[in-house]
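What follows is a single structure, written as structure tokens, with notes after it.
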Amino acid sequence: MLGVARQAVEAAKAAGADYADGRVVAEESESITVRNQQMEGIDRSSSEGIGIRVLVNGYWGFAGTARTEPEEIDRTAHLAVEIARAASRLPMEPVHLAEVEPATGTWHSPMLEDPFNVPLEEKVALLMEATRRMQTVDGLAFAEGGIDLHKTRIHLATSEGTAIEQTSVHSGAGIEATAIGEGELQRRSFPNSFRGHISAAGWEHIAKLGLIEEAERTATEAVQLLKAKECPSEVTTLVLDSGQVELQIHESIGHPVELDRVLGMEEAYAGSSFVRPEDRGSLRYASPLVSITADATLPGGLGSFGWDDEGVPAQSVPIIVDGLFENFISSRETASVLGLPSSGAMRADGWANFPLIRMTNISIEPREGSLADLIGDTKDGVFMATNTSWSIDDHRVNFQFGCEIAWRIKDGRLAEMYRNPNYTGITTEFWGSCDAVGGREDWTLWGTPNCGKGQPGQTARVGHGAAPARFRGVQLGVRG
Amino acid sequence: MPGIIGPDEVRRVSASALELKGADGVEVLFMHEWGGLTRFASSSIHQSTFREDTGIRVRAIAGDRIGVAASNDFSPDGARRAADSALEMANVVAPDPMFPGLAPPAQVPDTQAFDEATSSTTPHARAEAVAQLVAQSPEGFTAAGAFETLASEVAVANSEGQFLWAPATQASISTVMTGPDHASGFAEVFARSAAEIDPAAVGARAGTKASASRAPRDLDAGRFTVVLEPSAVSTIVGFLAWIGFGGRVLAEGRSCFSGKEGQRVGAEAVTIYDDATAAGTLGLPFDFEGVPRSRVDLIRDGVFVDGVYDLRTAKQAGKATTGHALPPPNPEGPFPLNLFMEPGKATLEEMIASTERGLLVTRFHYSNIVHPVESTITGMTRDGTFWIEDGEVAYPVKNFRFTQSIIEALTNTESIGRDTELASEFFFSASRVPALKIASFKFSGRSDH
């Protein structure tokens with residue numbers, strides 16, 4: 001397939017491109033859903049095609065096609081060049097690409113057992129047993145389990161000499177218990193909401209998740225939530241579990257530090273960012289306990305790779321160091337605007353899309369102590385776990401996030417359970433109020449497979465390492 | 001430029017899946033889409049793209065066991081491989097006792113939804129339209145947005161003899177214009193054809209809004225009377241599609257309308273229906289399992305009537321399908337993709353003039369569910385939020401967060417606009433909705449811009 005990518009590059013150059021890259025992408029996925037020990041759905045899908053990106057006189061053009069026969073590649077390359085020429089209808093400063101050494105080689109995400117080779121019967125049996133265990137709990141309406149597998153193979157060639165091949169395999173699974181009654185619908189999920197815990201790994205990741213072992217507890221909590229008190233509306237201390245810290249990082253740090261968003265390139269869709277280019281090294285983003293790193297080299301991360309879709313090597317970039325904002329995640333184009341090298345964060349959704357700046361694995365660095373230690377050290381407050389809902393403004397300033405479950409913390413112990421918990425805040429005020437971050441023992445590298453961005457809409461698979469954390473003076477319990 | 005593949009070729013390719021040996025039934029969903037999107041920011045074209053893709057999604061039935069396999073290899077071999085894979089899965093998985101069978105043969109009318117010129121719009125034509133829009137930016141302001149022209153054809157064939165095929169086009173242009181002192185304005189148009197879109201008018205509308213929104217003032221959050229423009233109303237109606245109208249969430253008690261059939265869920269003037277075949281929307285005449293679509297009343301004169309169904313949820317509920325299946329396997333169930341809210345008689349100006357104190361909202365942003373059964377959602381305002389005083393737009397205000405029950409908002413609806421627009425927030429298909437004036441709408445927080 002590198003030959004096809006190279007042919008695309010040559011065709012684009014012949015058509016007048018100053019720079020060209022050809023990216024052949026083949027994707028496979030398998031998804032299984034079981035509900036109350038009945039099949040809800042099982043499907044496999046595959047997609048293959050090529051995306052050709054060109055620069056002509058400093059203007060981008062992109063065209064993608066599912067057909068890879070030579071004449072179609074040639075036609076698509078010419079179309080990409082025509083698109084770039086059309087873009088010059090509105091003059092702008094020509095695109096300049098930050099320098100990068102041409103890369104050659106191959107990369108594969110770590111994997112012990114190929115999940116696509118595991119018999120379907122074994123996968124279905126796991127979900128059947130997990131939902132059976134959940135259904136032993138009285139009062140449960142629905143017991144669901146899901147498995148999702150994804151494989152991506154990319155061949156990238158550029159007119160600068162890059163020629164690389166990389167393969168990623170992602171495996172994930174989760175269970176969800178739903179209880180319904182008295183005008184309430186309550187859910188509990190394990191290990192995380194929205195289909196569980198996905199990792200760049202093989203079947204070994206799913207096998208050790210403990211879906212069956214945690215089924216009964218998960219279902220019991222869902223039923224208990226029906227009779228729990230509403231989360232009170234108050235300003236208090238908030239402790240978040242690792243899964244909710246993941247979402248908090250994603251929405252209020254990961255997206256705001258995307259340099260294309262900062263430069264206004266996403267303005268019309270999901271909006272821009274309160275962070276400005278001149279904020280590097282001066283913006284107090286969070287308390288000194290908070291350090292955030294974008295690391296595309298983390299084993300198991302959905303945002304890990306050998307090179308990004310511009311052939312920039314995977315790297316670890318400090319984003320926030322001891323609370324101070326230090327670096328954006330960037331592309332070759334946007335980095336050059338600031339006179340910097342690319343952070344290697346350009347990735348496209350499949351073959352049919354223009355690469356965008358996407359989060360790699362954006363993680364909070366662990367500090368000290370377990371979740372139990374953190375709760376034990378809290379005199380009064382609320383502990384919230386497992387994300388259900390997220391909303392943030394178009395500059396990533398005002399947010400409101402909901403969780404599945406909460407408990408009162410009283411004198412270092414979990415007390416009564418609360419349902420429908422949510423909290424709201426202002427990004428830098430919230431992160432500035434962080435006075436504890438848990439240690440490595442409760443730090444988890446989560447996968448977020450559904451990060452949306454761009455027009456046409458693209459979905460990225462990104463990672464977040466997160467530990468539980470504590471925040472002071474947070475507004476909880478927003479009601480309609 | 002690519003073109004229509006056509007029903008004959010789709011039949012030929014599908015045949016190799018429909019002939020699958022060992023299956024009790026086979027369904028082939030075919031999709032072909034091509035088009036370009038010219039994206040601009042800072043008043044320049046920064047990402048301009050074109051793509052063409054095909055898709056075949058095969059559902060194989062073995063007794064009451066079902067497997068689904070999809071591929072973008074549109075060839076007899078590709079279809080056969082997908083069918084083999086689907087049957088392999090069907091043969092090893094657990095049964096689905098609610099499997100209703102495949103759709104029987106039926107006819108649909110030609111909706112004349114395909115515009116040849118839109119399907120072959122050139123990148124130069126899109127760039128020219130964008131230039132006309134950008135030219136409307138006020139001095140010192142810049143424009144961002146996208147102009148997209150899309151063509152598609154969809155077909156459903158199954159082993160019961162059903163074969164339906166329909167082509168369609170759509171065009172959309174949207175922009176956010178920004179300027180000094182947090183000025184921001186928005187406008188958007190969806191249409192069947194590019195010829196229906198006037199880029200300069202869209203730009204002028206956003207520019208006027210942006211100019212007026214300069215230097216927004218701080219205002220404490222609280223409950224206000226609001227005048228929601230159609231884009232903001234599309235969020236409210238769109239979320240009802242998600243948490244309210246689906247036959248599966250209704251039957252399972254997960255809908256905000258579960259158990260509310262025949263009950264009042266809105267002011268008497270509120271009527272919401274789904275109709276993929278009506279003028280003024282962008283629908284296909286059949287659903288993704290090959291059932292013809294027609295108008296379905298969801299809320300009539302403020303009273304909840306019923307939801308939408310596919311074959312499986314109709315069997316579950318003991319009702320007839322309304323033709324709202326999504327592509328299989330679709331565990332979430334049926335979904336209304338072409339919602340309408342019936343217009344009223346008021347102009348937007350009359351709604352504002354009748355408001356003593358309140359807010360004019362252009363659109364909502366990044367909304368999400370807070371409490372599905374109570375129909376409570378949260379989100380932000382953006383791109384033009386204004387304080388109304390003594391019947392006039394007084395000044396711009398900084399953006400608010402709302403946290404509001406949709407049913408309560410529909411119940412508190414005081415006035416409905418006479419003009420409708422096709423509009424959408426993020427995740428949903430576009431709904432045709434008017435402006436609404438609503439009392440006591442809850443704003444729970446605010447932002448800094």
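Throughout, protein chains are lettered first and strands after them, A, B, ... in sequence-line order, and every chain is numbered starting at 1. If you're wondering where the values come from, they're calculated on a predicted model, not measured in any experiment.
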Problem - Plane angle bin for A:H395 and B:H182 - parallel if under 30°, tilted between 30 and 60°, otherwise perpendicular - result: tilted

Pick from [options] with the largest number of heavy-atom pairs that fall under 4.5 Å of chain A:
options: B:R59, B:E128, B:E148; result: B:E128
options: B:A125, B:S71, B:G35; result: B:S71
options: B:R312, B:E88, B:E408; result: B:E88

So does [Y] get a backbone contact from the side chain of [X], meaning a donor-acceptor N/O pair under 3.5 Å?
X: B:R401; Y: A:T424; result: no
X: B:N368; Y: A:W390; result: yes
X: A:N398; Y: B:R446; result: yes

In terms of heavy-atom pairs under 4.5 Å with chain B, which of [options] leads?
options: A:R53, A:E251, A:Q475, A:E93; answer: A:E251
options: A:G61, A:S31, A:S29, A:A270; answer: A:A270
options: A:Q455, A:Q38, A:M92; answer: A:Q455
options: A:R75, A:R85, A:E266; answer: A:E266
options: A:I180, A:D393, A:L185; answer: A:D393

Please flag which part of [X] lies under 4.5 Å from any non-hydrogen atom of chain A: side chain, backbone, both or neither.
X: B:P95; value: backbone
X: B:I369; value: backbone
X: B:H124; value: both
X: B:T376; value: side chain
X: B:S184; value: neither
X: B:R254; value: both
X: B:R57; value: side chain
X: B:S174; value: side chain
X: B:H46; value: both
X: B:Q404; value: backbone

Is [X] close to chain B through its backbone or its side chain, or both, or neither, when contacts mean heavy atoms under 4.5 Å?
X: A:P119; answer: neither
X: A:F142; answer: side chain
X: A:A125; answer: neither
X: A:S47; answer: both

Practice task
Could you grab the distance from atom CZ of B:R81 to atom OG of A:S46, nearest 0.5 Å is fine?
Solution key: 8.0 Å

Do [X] and [Y] have side-chain heavy atoms sitting under 4.5 Å apart?
X: A:T76; Y: B:E52; result: no
X: A:L356; Y: B:Q47; result: yes
X: A:V478; Y: B:T378; result: no
X: A:R89; Y: B:R126; result: no
X: B:T49; Y: A:P456; result: yes
X: B:V134; Y: A:L90; result: yes

Exercise for the section: Go through the structure and list residues passing ring pair (Phe, Tyr, Trp, His ring centres under 6.0 Å) with B:F50, not counting sequence neighbours. Expected result: none

Exercise for the section: Start with the C-alpha gap between A:T178 and B:E252, add the side-chain angles, then the distance that decides, and say whether side-chain contact (heavy atoms from CB on, under 4.5 Å) holds. Expected result: CA-CA 11 Å; A:T178 304; B:E252 294 178 347; over 6 Å; no

Problem - The single option from A:R479, A:R419, A:E184 passing side-chain hydrogen bond (donor to acceptor under 3.5 Å, both in side chains) against B:H371 - result: A:E184

Practice task
Could you walk me through whether A:D394 and B:M380 pass the side-chain contact (heavy atoms from CB on, under 4.5 Å) test, one step at a time?
Solution key: CA-CA 8 Å; A:D394 59 323; B:M380 294 295 301; 5.9 Å; no

Handout entry: Pair B:R51-A:N353, side-chain donor/acceptor within less than 3.5 Å
Key = yes

